[in-house]
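Heavy atoms only: backbone and side chains are in, while hydrogens, waters and symmetry mates are out. Please read all numbers here as calculations on a predicted model, not as lab measurements.
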Amino acid sequence: MTIETMDELKAKVIEILKDNVDDPQMLENIDPDDDLSSLGINSMTFIKLVIATEMEFGVAWNDEDLDFRNFSTINQIMNYISLNQGQE
């Protein structure tokens with residue numbers, strides 16, 4: 001999927017997060033720079049998010065980048081997708 005605007009990208013990232021966190025309602029008030037660990041995201045959830053973004057956006061995550069600390073906010077995830085979309 002090619003994203004046209006950052007608003008579309010943000011909405012899609014939030015949708016993916018809602019599908020993979022225990023309490024999706026917590027995303028309603030989250031700021032794009034808030035730490036996602038507050039949502040209870042653990043290593044298993046992170047792997048699900050990686051796979052979902054790969055499938056949705058055609059993003060190939062580099063092994064050295066697969067560290068939750070590098071993608072602990074919505075903005076960090078959006079930036080990575082924007083820079084790496086379609087580079088499988």
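How far CG of Asp33 is from CG of Asn75: 4.5 Å, rounded to the nearest 0.5 Å. Annotation: the span from Ile41 atom CD1 to Lys48 atom NZ amounts to 11.0 Å, rounded to 0.5 Å. Summarising the geometry, atom CD1 belonging to Ile81 is positioned 5.5 Å from atom OG1 belonging to Thr53; distances are rounded to the nearest 0.5 Å. Of the inter-residue distances, the one linking Asn20 atom CG with Leu49 atom CG reads 5.0 Å to the nearest 0.5 angstrom.
When atom types are taken as modelled, the side chain of Glu56 and the backbone of Ala52 share no donor-acceptor pair closer than 3.5 angstrom.
For residues 11-31, no residue pair satisfies the ring pair (Phe, Tyr, Trp, His ring centres under 6.0 Å) rule, not counting sequence neighbours. The salt bridge (charged side-chain N to carboxylate O under 4.0 Å, His left out) contacts involving residues 57-67 comprise Asp67-Arg69, where partners must be two or more places apart or lie in separate chains. Among pairs with a residue in residues 14-27, those fulfilling salt bridge (charged side-chain N to carboxylate O under 4.0 Å, His left out) read Lys12-Glu15, at least two apart in sequence or across chains.
The minimum heavy-atom distance between Tyr80 and Val59, with the atom names listed, is CE2-CG1, 3.6 Å.
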Check: What's the verdict on side-chain contact (heavy atoms from CB on, under 4.5 Å) for Phe57 and Ile16, showing C-alpha distance, side-chain angles and the deciding distance?
Finding: CA-CA 11 Å; Phe57 301 108; Ile16 290 170; 3.7 Å; yes
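When side chains are defined from C-beta on, Pro32 counts as touching Lys10, because their heavy atoms get closer than 4.5 Å. With a 4.5 Å cut-off on side-chain heavy atoms, Leu39 and Asp34 do not count as touching. Looking only at side-chain heavy atoms (C-beta outward), Leu36 and Ile30 come within less than 4.5 Å of each other.
Residues satisfying the ring pair (Phe, Tyr, Trp, His ring centres under 6.0 Å) criterion with Phe46, sequence neighbours excluded, are Phe68. Take Ser37 and apply the side-chain hydrogen bond (donor to acceptor under 3.5 Å, both in side chains) test, not counting sequence neighbours, and it matches Asp35. Residues passing the side chain to side chain contact (heavy atoms under 4.5 Å, CB included) test with Ile47 are Ile51, sequence neighbours excluded.
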